Chemist: 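Here it is, the structure in full.
Bear in mind that the values here come from a model prediction, so they are computed numbers and not experimental data.
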Amino acid sequence: MNIACYGPAGKPGTPHGSSFVSANYLLLQYLLVQGHTITRFGFQEDAPDLAAYPNYRYVTVDATAGWTGRLAEWGKQTWFPQHSNAGLYGLANRLWGGFRSATQEQALARIVQQYHRQQPFTLLFFWGLPAVFQVPGLPTVAWLQGPFHTEMATIQRLKAEIVHYCGPTEYWKLHIFYTLRLLTVRRVAARPQLSLVPSQWSRQEAIAWGMPPDRIQVLPYPIDLETFRPQPPQPTARFRLLWLGRIIPRKRLDLLMAALALLAAERQDVVLQIVGGFAYGFGYRQCLERFPYPEMVEYCEGVTHGEVVALLQACDAIVQPSESENYGSAIAEGLACGRPVIAGPTNGTLDYAGEAAYRFAEYTPASLKATLAFAIDDIRAHREARNLAARQAAETHLHPQIVGDRLIALLGSRPIPSP
């Protein structure tokens, strides 16, 4: 196949190598090794190591070409130099960012079309992104991070909690932003002839939203199993739970802290380590500041990518109480490091966790507390078996070769019609 691509990629362990970006890199590398030709289009090369393959090239696109591109960039530098999602500034920043992205996508579409005329591509592949543009006559595949509507649906469902912690202004800011976003996404969602999502939960949500079942398939993000690997457990007096990842309302920090408070009333042989910054919904900080057992919580706003593996290896279990979680990279990386996971009923990553998963039944403090208590005792009693089950789950479902072969099969199993 001769594939045109757009989307970020970064070698695992490098500054660009965050979770889904690393997954893109691993599959791009696998496609190159299998002999497929890759032409990536973008604004700055983020995976220079791929240039070692003769069947790879990167085409740099000028984002400021044309007056709209220059206007978008000028507005960004003049009005929105800071990356902030807070308050009305954050809403305006996001809306201008949408205009800026639209001008960039127009520039990309023009360049891809020029190259397609010179040497036709087999397909256009969007890595971790929706199909933000189309090229006439070129089949399109989008590997989405999840369905388009779930963020908005969760914000509406959690209105009372968001207002309680952040106030009505923050809720309505989020509501307006995602309402405006949903006005355009149906057109974007209809562009690909094939959409890929990372879990069965995501696929069912996408179908319920109206995407055609025959045009959506499941492909998980692969994990670099050499980087994320187990270390012999070092049991300590206190069981170490790890929350790893950004903090936004649907991640349910409030639920976890309420459950931990219930657990602490019965036992305090647990410590919760939270590593992640507040992307928006900054009022949720009070969940940490007002927690009645501060000695049971360690908080760190962030770590480098190179420190993530050590964090996962040092914990006893990963906890991810998120709602509408299409694919939680912390869970996948934790499994690769041989660590069991605790998650809720709408976490798609549990598709791949097997016997290393502890699923709580309801998004209530009592349900999560009961699951935490059971998991702690069960892991302590069967640590070696649970850790082995976690690693085996990762090797079975998330190995780059396994995921890569499935991707090639999906792309080649039937002709992808042109738009």
Side-chain angles (χ1 to χ4, degrees), residues 19-20 23 143-147 150-151 153-154 157 196-208 216-223 225 228 230 241-246 248 250-253 255-256 259 272 276 308 312 315-379 382-383 385-399 402-403 406:
S19 300
F20 93 89
W143 192 17
L144 306 173
Q145 295 185 52
T150 52
E151 199 78 33
T154 309
R157 189 166 59 249
L196 307 174
V197 291
S199 66
Q200 285 290 346
W201 184 86
S202 294
R203 183 173 186 269
Q204 294 306 316
E205 284 292 307
I207 292 170
I216 184 164
Q217 297 293 334
V218 175
L219 188 78
Y221 295 138
I223 299 295
L225 297 178
F228 293 91
L241 292 167
L242 176 64
W243 163 307
L244 180 61
R246 65 185 180 139
I248 58 175
R250 72 168 181 83
K251 299 290 186 177
R252 299 308 309 270
L253 177 66
L255 176 67
L256 177 57
L272 170 63
V308 168
L312 293 166
C315 76
D316 294 299
I318 314 297
V319 59
Q320 193 175 79
S322 314
E323 294 192 32
S324 302
E325 189 68 61
N326 299 293
Y327 185 91
S329 296
I331 286 183
E333 292 166 353
L335 291 171
C337 289
R339 296 298 180 263
V341 297
I342 302 161
T346 60
N347 193 313
T349 334
L350 296 189
D351 289 354
Y352 311 109
E355 296 181 1
Y358 298 87
R359 186 194 302 262
F360 58 92
E362 299 175 340
Y363 287 99
T364 64
S367 179
L368 177 52
K369 175 259 179 183
T371 303
L372 288 172
F374 176 81
I376 290 167
D377 291 338
D378 187 66
I379 293 169
H382 309 284
R383 186 179 301 273
R386 300 297 177 259
N387 290 355
L388 180 61
R391 178 65 182 189
Q392 288 177 338
E395 292 175 346
T396 299
H397 300 291
L398 307 177
H399 193 291
I402 291 172
V403 180
R406 172 158 174 75

Chemist: For V319, which of L244, L272, L242 qualifies under side-chain contact (heavy atoms from CB on, under 4.5 Å)?
Modeler: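 Only one option passes, and that is L272.
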Chemist: Could you tell me if the side chain of Q320 sits less than 4.5 Å from the side chain of I342, heavy atoms only?
Modeler: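 In short, these two side chains do not touch, never coming nearer than 4.5 Å.
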Chemist: Do L388 and Q392 touch side chain to side chain, with heavy atoms closer than 4.5 Å?
Modeler: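 Sidechains of Q392 and L388: in contact.
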Chemist: Return the CD1 to CG distance between I331 and L312, rounded to the nearest 0.5 Å.
Modeler: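 Interatomic distance, I331 CD1 to L312 CG, rounded to 0.5 Å: 11.5 Å.
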Chemist: Hey, mind stepping through L219 and V403 against side-chain contact (heavy atoms from CB on, under 4.5 Å) and telling me if it holds?
Modeler: CA-CA 7 Å; L219 188 78; V403 180; 3.7 Å; yes
Chemist: Would you find a donor on one side and an acceptor on the other, under 3.5 Å apart, between the side chain of R406 and the backbone of V218?
Modeler: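 Flag set: sc R406 to bb V218 pair under 3.5 Å.
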Chemist: What is the minimum heavy-atom distance between A356 and A389, and which atoms define it?
Modeler: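 The pair with the smallest heavy-atom distance is CB-C, 4.1 Å.
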Chemist: Say whether, by atom type as modelled, one donor and one acceptor occur between the side chain of D351 and the main chain of S199 under 3.5 angstrom.
Modeler: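 Not at all, since once roles are kept as given, no pair shorter than 3.5 Å links the two residues.
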Chemist: Identify the two heavy atoms, one from A332 and one from I223, that lie closest to each other, and give their separation to 0.1 Å.
Modeler: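 Looks like CB-CD1, 3.8 Å.
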Chemist: Would you say that L255 contacts P365 through its side chain, given a criterion of any heavy-atom pair below 4.5 Å between the two side chains?
Modeler: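 In contact.
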Chemist: Any side-chain heavy atom of I248 sitting closer than 4.5 Å to one from E151?
Modeler: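 Heavy-atom side-chain distance check passes, below 4.5 Å.
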Chemist: Decide side-chain contact (heavy atoms from CB on, under 4.5 Å) for R359 and T371; before the verdict, give the C-alpha distance in whole Å, the side-chain angles of both, and the deciding distance to 0.1 Å.
Modeler: CA-CA 7 Å; R359 186 194 302 262; T371 303; over 6 Å; no
Chemist: Once you round to the nearest 0.5 Å, how far does NE2 of H382 lie from CG of D378?
Modeler: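 One gets 5.0 Å once the value is rounded to the nearest 0.5 Å.
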Chemist: Would you check if the side chain of S202 reaches a backbone N or O of P147 as a donor-acceptor pair within less than 3.5 Å?
Modeler: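 Pair absent, no side-chain N/O of S202 close to backbone of P147.
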Chemist: Quick check: does any side chain N or O of S322 sit under 3.5 Å from a backbone N or O of E325, one acting as donor and the other as acceptor?
Modeler: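 The answer is no, because no donor-acceptor pair under 3.5 Å joins these two groups.
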Chemist: Report the C-alpha separation of Y358 and V341 in whole Å, then their side-chain angles, then the decisive distance to 0.1 Å, and conclude whether the side-chain contact (heavy atoms from CB on, under 4.5 Å) test is met.
Modeler: CA-CA 6 Å; Y358 298 87; V341 297; over 6 Å; no
Chemist: Of all heavy-atom pairs between G334 and I318, which one has the smallest distance, and what is that distance?
Modeler: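 So the two residues come closest at CA-CG1, 4.1 Å.
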Chemist: Going by the angle between their ring planes, with limits at 30° and 60°, are Y327 and Y221 parallel, tilted or perpendicular?
Modeler: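 Answer is perpendicular, since the angle exceeds 60°.
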Chemist: Within this structure, what is the CD-CG distance for the pair E395 and L335, rounded to the nearest 0.5 Å?
Modeler: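 Answer for the CD-CG pair, E395 versus L335, is 11.0 Å.
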Chemist: Do F360 and P321 make a side-chain contact, defined as non-hydrogen atoms from C-beta onward lying under 4.5 Å apart?
Modeler: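 Yes, close enough: below the 4.5 Å cut-off.
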Chemist: Going by distance alone, is a donor N or O of one side chain under 3.5 Å from an acceptor N or O of the other, for Y363 and T346?
Modeler: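 Present: a donor and an acceptor within the cut-off.
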Chemist: Rounded to the nearest 0.5 Å, how far apart are CH2 of W243 and NZ of K251?
Modeler: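 Result: 7.5 Å between the selected atoms.
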Chemist: Provide the closest heavy-atom pair for P340 versus A390 in the form atom of the first, atom of the second, distance.
Modeler: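 For P340 versus A390, the nearest heavy atoms are N-CB, 4.2 Å.
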Chemist: What are the two closest heavy atoms between A361 and S367, and how far apart are they?
Modeler: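 Reported closest heavy-atom pair: N-OG, 3.3 Å.
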Chemist: Got a donor-acceptor contact below 3.5 angstrom from the T150 side chain to the G146 backbone?
Modeler: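 Not confirmed, T150 side chain does not pair with G146 backbone.
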Chemist: Take a 6.0 Å sphere around CD of E355 and say whether it holds more than 12 heavy atoms from other residues, nucleotides or ligands.
Modeler: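 Result for CD/E355: open.
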Chemist: Should I402 and H397 be marked as a side-chain contact (heavy atoms from CB on, under 4.5 Å) after you check the CA-CA gap, both sets of side-chain angles, and the distance that decides it?
Modeler: CA-CA 7 Å; I402 291 172; H397 300 291; over 6 Å; no
Chemist: One pair to check against side-chain hydrogen bond (donor to acceptor under 3.5 Å, both in side chains): Q145 and N326. What are the steps and the verdict?
Modeler: CA-CA 7 Å; Q145 295 185 52; N326 299 293; over 6 Å; no
Chemist: Work out which heavy atom in W201 is nearest to a heavy atom in G348; give both atom names and the distance.
Modeler: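 Here W201 and G348 meet closest at CB-CA, 3.8 Å.
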Chemist: Partners of T154 by side chain to side chain contact (heavy atoms under 4.5 Å, CB included), sequence neighbours excluded?
Modeler: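 Per chain and number, T154 pairs via side chain to side chain contact (heavy atoms under 4.5 Å, CB included) with R157, L158, R250, E323, S324.
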Chemist: For the CD1 atom of I379 and the CZ atom of R386, what is their distance to the nearest 0.5 Å?
Modeler: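 Answer for the CD1-CZ pair, I379 versus R386, is 8.0 Å.
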Chemist: Does D316 pair with R339 as a salt bridge, N-O distance under 4.0 Å?
Modeler: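 Salt bridge flag = no for R339 with D316.
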Chemist: Output yes when a side-chain donor or acceptor of T349 lies under 3.5 Å from a complementary backbone atom of G328, and no otherwise.
Modeler: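 At least one qualifying donor-acceptor pair exists.
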Chemist: Enter the distance from I216:CD1 to Q204:CD here, rounded to the nearest 0.5 Å.
Modeler: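 Spacing of CD1 (I216) from CD (Q204) equals 9.0 Å.
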